[in-house]
Protein chains: 2
Amino acid sequence: MSVPDSRFDQLISALKEHNFRLTPQRVELVRLIAVSEGHPSASQLHAKIKRKFPTMSHATVYKTLSLLKEINQVLEIDLRDDSHYDGNRPDPHPHLICVNCNKIIDGELLIDQQSIQRMEQESGYKILRPQISFYGLCPDCKEEN
Amino acid sequence: MSVPDSRFDQLISALKEHNFRLTPQRVELVRLIAVSEGHPSASQLHAKIKRKFPTMSHATVYKTLSLLKEINQVLEIDLRDDSHYDGNRPDPHPHLICVNCNKIIDGELLIDQQSIQRMEQESGYKILRPQISFYGLCPDCKEEN
DNA sequence: AATATAATCAATAATGATTATCAATAAAGA
DNA sequence: TCTTTATTGATAATCATTATTGATTATATT
Ligand SMILES: [Mn+2]
Ligand SMILES: [Mn+2]
Ligand SMILES: [Zn+2]
Ligand SMILES: [Zn+2]
């Protein structure tokens, strides 16, 4: 009977398995991304990390994130201005994005696998990664109008 | 019995209706975007326009595109590095995007309106604009591997 | 423990798309 | 033709991301 790993432990394990060094900076970023409810951006993560590591640069945040992306432990969400990251659900899934305050939450949407296959056949494309973004207004910003 | 307007005529009419001035630069951009099979970016359009208007600046391209967006005659497709535009189908629709050569084509995918509504209700978000992008490999780039 | 090697860090500059500014120009209506 | 004012285009600014590079640190080996 084993206790299920926390997301933090999973991320740390993944780094170890790939023989990446566990630097204090990386551990802290992993902690933050595992704890984060929302979908933080690189600069938001950088701002938080600076509390513990005042000298940490943007480049290190970006490099660590792209490293976690490579080993499929983080999902990158491309927005117009920057990218946000989901360290809790690394597999592609839909998002609801507020165009006013940028609040991002997961969206549950069943994607018909049949239709995807048909699209692949008709187009000849090999689909690797769907990105489904629903831009709109979050509950709070809906009211303000 | 009237002949159906060409896409070019539709776009010109839309500009007139909104009392935007018909400058030669705008007419040329409209012509290009109505003729373009693919989904050109701002800088690709700028490069083509420079043949006729060597002094045309990036800013003018961007301003004209955002103007056409405002009157819902152009769909903007946000990619990681830049935006591409569809002047022929201004309403949101899925796209297949090659991660290797950036070739973009329309994707036909039936989106279950029921599921969208359920997502709105469960999340409280008001969805304004869905953007569905399937990243993958186009037929040509599929072979190269 | 000391050394060699490679990984990582952080400061800095570079890149590239997009936007802002503003004086000069030209479209459209009188 | 004249007037009004939207539009243009040159330029600079902004901002996220990436590249560079020398310094620092971890790891393996002796
Ligand atoms: Mn998510
Ligand atoms: Mn399209
Ligand atoms: Zn909001
Ligand atoms: Zn391709």
Side-chain angles (χ1 to χ4, degrees), chain A residues 11-12 14-30 32 39-71 74-85 97 99 102 104, chain B residues 11-32 39-71 74-85 97 99 102 104:
Chain A
L11 287 165
I12 295 294
L15 283 174
K16 280 184 187 165
E17 277 168 25
H18 288 82
N19 290 113
F20 290 123
R21 292 186 185 166
L22 285 183
T23 67
Q25 290 93 335
R26 284 180 181 169
V27 173
E28 175 64 4
L29 188 143
V30 160
L32 282 175
H39 297 76
S41 68
S43 70
Q44 286 169 343
L45 289 166
H46 180 247
K48 283 191 181 177
I49 287 182
K50 284 201 111 179
R51 295 173 194 166
K52 276 198 185 173
F53 300 92
T55 63
M56 182 134 166
S57 75
H58 281 281
T60 303
V61 174
Y62 280 106
K63 272 180 286 188
T64 307
L65 285 171
S66 71
L67 184 152
L68 289 167
K69 253 193 317 177
E70 275 174 36
I71 61 177
V74 152
L75 177 69
E76 181 171 6
I77 306 155
D78 302 322
L79 301 191
R80 163 180 304 289
D81 298 321
D82 55 10
S83 284
H84 287 243
Y85 300 86
I97 303 161
V99 297
N102 289 316
I104 302 173
Chain B
L11 288 164
I12 295 294
S13 299
L15 283 174
K16 279 184 185 163
E17 277 168 25
H18 289 82
N19 289 112
F20 291 122
R21 292 184 185 171
L22 284 183
T23 68
Q25 293 92 334
R26 282 181 181 169
V27 173
E28 175 64 5
L29 187 143
V30 160
R31 193 186 66 74
L32 282 176
H39 298 76
S41 68
S43 70
Q44 285 170 344
L45 289 166
H46 180 248
K48 283 190 181 177
I49 288 182
K50 284 202 111 180
R51 296 172 192 168
K52 274 198 184 172
F53 300 92
T55 63
M56 181 130 168
S57 74
H58 281 282
T60 303
V61 175
Y62 280 106
K63 271 181 286 190
T64 306
L65 285 171
S66 72
L67 183 152
L68 289 167
K69 252 192 319 176
E70 275 175 36
I71 62 178
V74 152
L75 177 68
E76 182 172 5
I77 305 155
D78 302 321
L79 301 192
R80 166 182 301 290
D81 298 321
D82 55 9
S83 284
H84 286 242
Y85 299 87
I97 303 160
V99 296
N102 289 315
I104 302 174

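Hydrogens, waters and symmetry mates are skipped; everything else that's a heavy atom, side chains included, is used. Chain letters run A, B, ... following the sequence lines, proteins first, then strands; residues in each count from 1.
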Can I get a per-line list of side-chain donor-acceptor pairs under 3.5 Å for residues 40-52 of chain B, giving both atom names and the distance, sequence neighbours left out?
residue, atom, partner, partner atom, Å
S41(B), OG, S43(B), OG, 3.4
S41(B), OG, Q44(B), N, 3.2
Q44(B), OE1, S41(B), N, 2.8
H46(B), NE2, M56(B), O, 2.7
K52(B), NZ, E28(B), OE1, 3.3

Original post:
Of the options K69(A), E76(A), H39(A), which is the one that meets S83(A) in a side-chain hydrogen bond (donor to acceptor under 3.5 Å, both in side chains)?
Top reply: E76(A)
Subject >> Contacts of type side-chain contact (heavy atoms from CB on, under 4.5 Å), residue K16(B), not counting sequence neighbours >> reply: I12(B), L22(B)
Original post:
How about D81(B) and N102(B): do any of their side-chain heavy atoms sit closer than 4.5 Å?
Top reply: no
Original post:
OP1, OP2 of dG9(D) versus side-chain N and O of T60(B): anything below 4.0 Å?
Top reply: yes
Subject >> Those residues of residues 21-29 of chain B lying under 4.0 Å from DNA chain D by at least one heavy atom >> reply: R21(B), T23(B), Q25(B), R26(B)
**OP:** Measure from CG on L68(B) to P on dT7(D) and round the result to the nearest Å.
**Re:** 12 Å
Subject >> Nucleic acid footprint by protein, nucleotides 16-23 of chain C - heavy-atom cut-off 4.0 Å, B for base, S for sugar-phosphate alone >> reply: -SSBB---
**OP:** Please tell me which of N19(B) and P54(B) maps to the more 5' nucleotide of DNA chain D, matching each residue to the nucleotide holding its nearest heavy atom.
**Re:** N19(B)
Original post:
If you write DNA chain C from 5' to 3' in dot-bracket form, with Watson-Crick or G-U pairs under 3.5 Å, [ ] for crossing pairs and | for pairs with another strand, what do you get?
Top reply: ||||||||||||||||||||||||||||||
Original post:
What residues form a side-chain contact (heavy atoms from CB on, under 4.5 Å) with L67(A), not counting sequence neighbours?
Top reply: L15(A), F20(A), R26(A)
**OP:** Please name all residues satisfying salt bridge (Lys or Arg N to Asp or Glu O under 4.0 Å) with R21(A), sequence neighbours left out, ordered by chain then number.
**Re:** none
Original post:
Starting at CE of M56(B) and ending at P of dT7(D), how long is that distance when rounded to a whole Å?
Top reply: 13 Å
Original post:
Residues two or more places apart in sequence or in another chain: which of them pass side-chain hydrogen bond (donor to acceptor under 3.5 Å, both in side chains) with D82(A)?
Top reply: H84(A)
**OP:** Could you tell me the separation between the CG atom of L65(A) and the P atom of dA16(D), rounded to a whole number of Å?
**Re:** 15 Å
Original post:
Partners of S57(A) by side-chain contact (heavy atoms from CB on, under 4.5 Å), sequence neighbours excluded?
Top reply: A59(A), T60(A)
Subject >> Rounded distance in Å - CZ (F53(B)) to C1' (dA26(C)) >> reply: 13 Å
Subject >> Side-chain heavy atoms of Y85(A) within contact of L65(A), under 4.5 Å >> reply: yes
Original post:
Under the side-chain hydrogen bond (donor to acceptor under 3.5 Å, both in side chains) test, which residues partner T23(B), sequence neighbours left out?
Top reply: none
Subject >> side-chain hydrogen bond (donor to acceptor under 3.5 Å, both in side chains) involving K63(B) - partner list, sequence neighbours excluded >> reply: none
